[in-house]
Amino acid sequence: MSANTATATETQAQPRGRVSKSPTRLAFERFMYNKAAVVSVIVLLLIIFISIGAPLFTHLDPTHQYLMETDAPPGGVHVLGTDKNGFDLFSRDLYGGRNDLLIGFVDTIIVMAIGILLGGLAGYYGGWVDSLIMRFCDFMLNFPFLLLIIVLTSIFNSSGVWLLIVVIAIVFWPPTTRLVRGLFLNLRESEFVLAAKMAGAGPWRIMFRHMLPNIMGTIVVNATFTMANLIASEAALAVIGFGVQPPNPSWGNVLYDALDYFTLKGEPWVWLPPAALLTITILCINFIGDGLRDAFDPSFEK
Amino acid sequence: MGTYVVRRVLGMIPMMFLITVFVFLIMHAAPGNAFDAIMNPAIKDIEQLKQQLEHNAGLDKPLWWQYVHWLGLFVTGNWGFSFNHHVPVTQLIGPAIRNTLILGILAEVLTIAVGVPFGIVQARNPYGKFDYTSNVVLFCLYSVPFFVFAIFMIYFFAIDLQWFPAQGSTGTGPGAGSIGDHLYHALLPALSLALVNSTVYSRYTRGSMLDVSRKDYVRTARAKGLDEGRVFTKHVFRNGMIPIVTQFGLDFGSLVGGLIITEGIFQYQGMGQLVIDAVNGRDYNVIMATTVLIAFGVLIGNLLADILYAVVDPRIRYD
């Protein structure tokens, strides 16, 4: 009923020179309609804020070992106590988010860039370019990727995150590349691509100005889920000791230091907050991805 | 089919070769080796001992020579000695493979046994209350990283209730090493892997069953008077399983990854734990042997999934 009146007013308004809503605007409105997604955006922004603004909440250094106060319970100077190495847990939980989110964001951008470039080339040109890129993809997909990460991170045994970011990007680009290739393949024979070709547009222009905007929705949705996956993967590596290396904090390596009988049994304040932060972050990103999917593709599951 | 399998298996050889070359190079690029860690005040000249050990292991030779030497021995079944455990690599790998297979198969069986029926129940009554609430719950569960699950499992079932062991792959005492003992130790890690994965299978099963049940031939089956149960088992179920089998094949690599991490968390003595220890201890022969086996496992798993795909979907032909 209300939808009918809405379209009626819109068609009435049209002749008076009102511009109809752009697809982006419509997608945005649909996204705002999805309550879980909107709440997730707020929660995620909050988590980003407490990570970036960590110095506002604690003046303690997350990389400093308070050797006289190991295994301290919550309270006093150490809001969440200290772990068995004497690291202040509250500051590690806050600052740790910086590394997790940094890895998530930067790696998503790198993975998407590689995926769009290689997938686009493979899908647009086809032929030997396609087979070359896809064989390389297959090789990377069959490679025992965790092993590669484990070996590479232990080689350059540094506490910096940038190496880890590069390694994770190397490992995670193939699925996205495959997806983008499929999307480009679908569009390759479309009329508008042919029209662009006949108008004399070069391949790069066709790929990035004509085809890419058409599949941007799917790519953005995929990017969101990829980010959730990347953050979970980094944390999984850290939990067995191969992610971000201490003293540099991350939620995963706080968990790694909590994996012993006494900490698990008697000191839930060590492992509960990072586990909760990780889960909430990933949950929020997934909900946002879900909302974006509904926003870009209203026909999906509706 | 036969020629297809042979061709695929032959195709694995260059792939395996490339993987071993890569891992070999990366491994030797890592700083330090297994003998750097020797610290014993009783030894007077550690430097000389180190050189002797490195010479015995062939580490002072050029890299290409080491690789060719390793490859030559490896294909003839001589997988070398572990630098750190001082036993043949094959002796370490045998029980590790057995443990990992127990864990992996148990996890996969649990995943499918929980995920697929759940998806079917959802698809039988779509867009209802149950479907809607369970979808939300599954979506939330899916977002919980499996290692967080593992930690909670250890906390509740191993530490609090003490129903299951928190770590290890076998117990001590008279029953140690029996099938029951193995399963008992594998159940907790397998569950933590399976619970999260099963949500993926539920979603796929539900989606694919719904897709199929909208097909014309299903309507035909109903129209000719077939009862709902038979429509489901004969027409919907089998066709709906095709994407699930594909998913199974795609998942194989990540299952192996998940196994490595789960073994690390539970200190479960399988291939994953062996890899982690070997990398940490720069145990070159163990790293190479485990890499080859893990890569081989992934490749065989993908091949099996492709064959299975042809079995469930007769339209697929590999000629």
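Here is how names work: the chains are called A, B, and so on, in the same order as the sequence lines, proteins then strands, and each is numbered from 1. Predicted model only: the values in this text are computed from it and were never measured.
- Looking at B/Phe22, the atoms closer than 4.5 Å to chain A (heavy atoms on both sides) all sit in the side chain, from C-beta outward.
- For the set A/Ala232, A/Pro268, A/Ala235, the entry with the most heavy-atom pairs within less than 4.5 Å of chain B is A/Ala235.
- The part of A/Leu259 that comes within reach of chain B is its side chain, from C-beta onward, which places non-hydrogen atoms under 4.5 angstrom from that chain.
- Scored by the side chain to side chain contact (heavy atoms under 4.5 Å, CB included) test, A/Tyr256 finds no partners at all (sequence neighbours excluded).
- With sequence neighbours left out, the side chain to side chain donor-acceptor pair (under 3.5 Å) criterion links A/Asp107 to no other residue.
- Ring-plane geometry between B/Phe24 and B/His28 is classed as tilted, the angle between the planes lying from 30 to 60 degrees on a 0 to 90 degree scale.
- Residue B/Leu210 does not touch chain A at all, counting heavy-atom pairs closer than 4.5 Å.
- Of the atoms belonging to B/Val144, heavy atoms from both backbone and side chain fall under 4.5 Å from chain A.
- Across all their heavy atoms, B/Ile261 and A/Leu237 have their closest contact at CD1-N, 4.4 Å.
- For chain B, no part of A/Ile285 is nearby; none of its heavy atoms comes within less than 4.5 Å.
- Screening residues 10-20 of chain B for side-chain hydrogen bond (donor to acceptor under 3.5 Å, both in side chains), with sequence neighbours left out, gives B/Thr20-B/Tyr67.
- Interface remark: A/Leu255 contributes side-chain atoms only to the contact with chain B (heavy atom separation under 4.5 Å).
- Pairing each heavy atom of A/Ile288 with each of A/Ala37, the nearest pair is CG1-O, 4.0 Å.
- Contact annotation for A/Ala228: neither backbone nor side-chain heavy atoms come within less than 4.5 Å of a heavy atom of chain B.
- For B/Trp70 and B/Tyr284, the gap between ring centers reaches or exceeds 6.0 Å.
- Among residues 189-197 of chain B, no residue has any heavy atom closer than 4.5 Å to a heavy atom of chain A.
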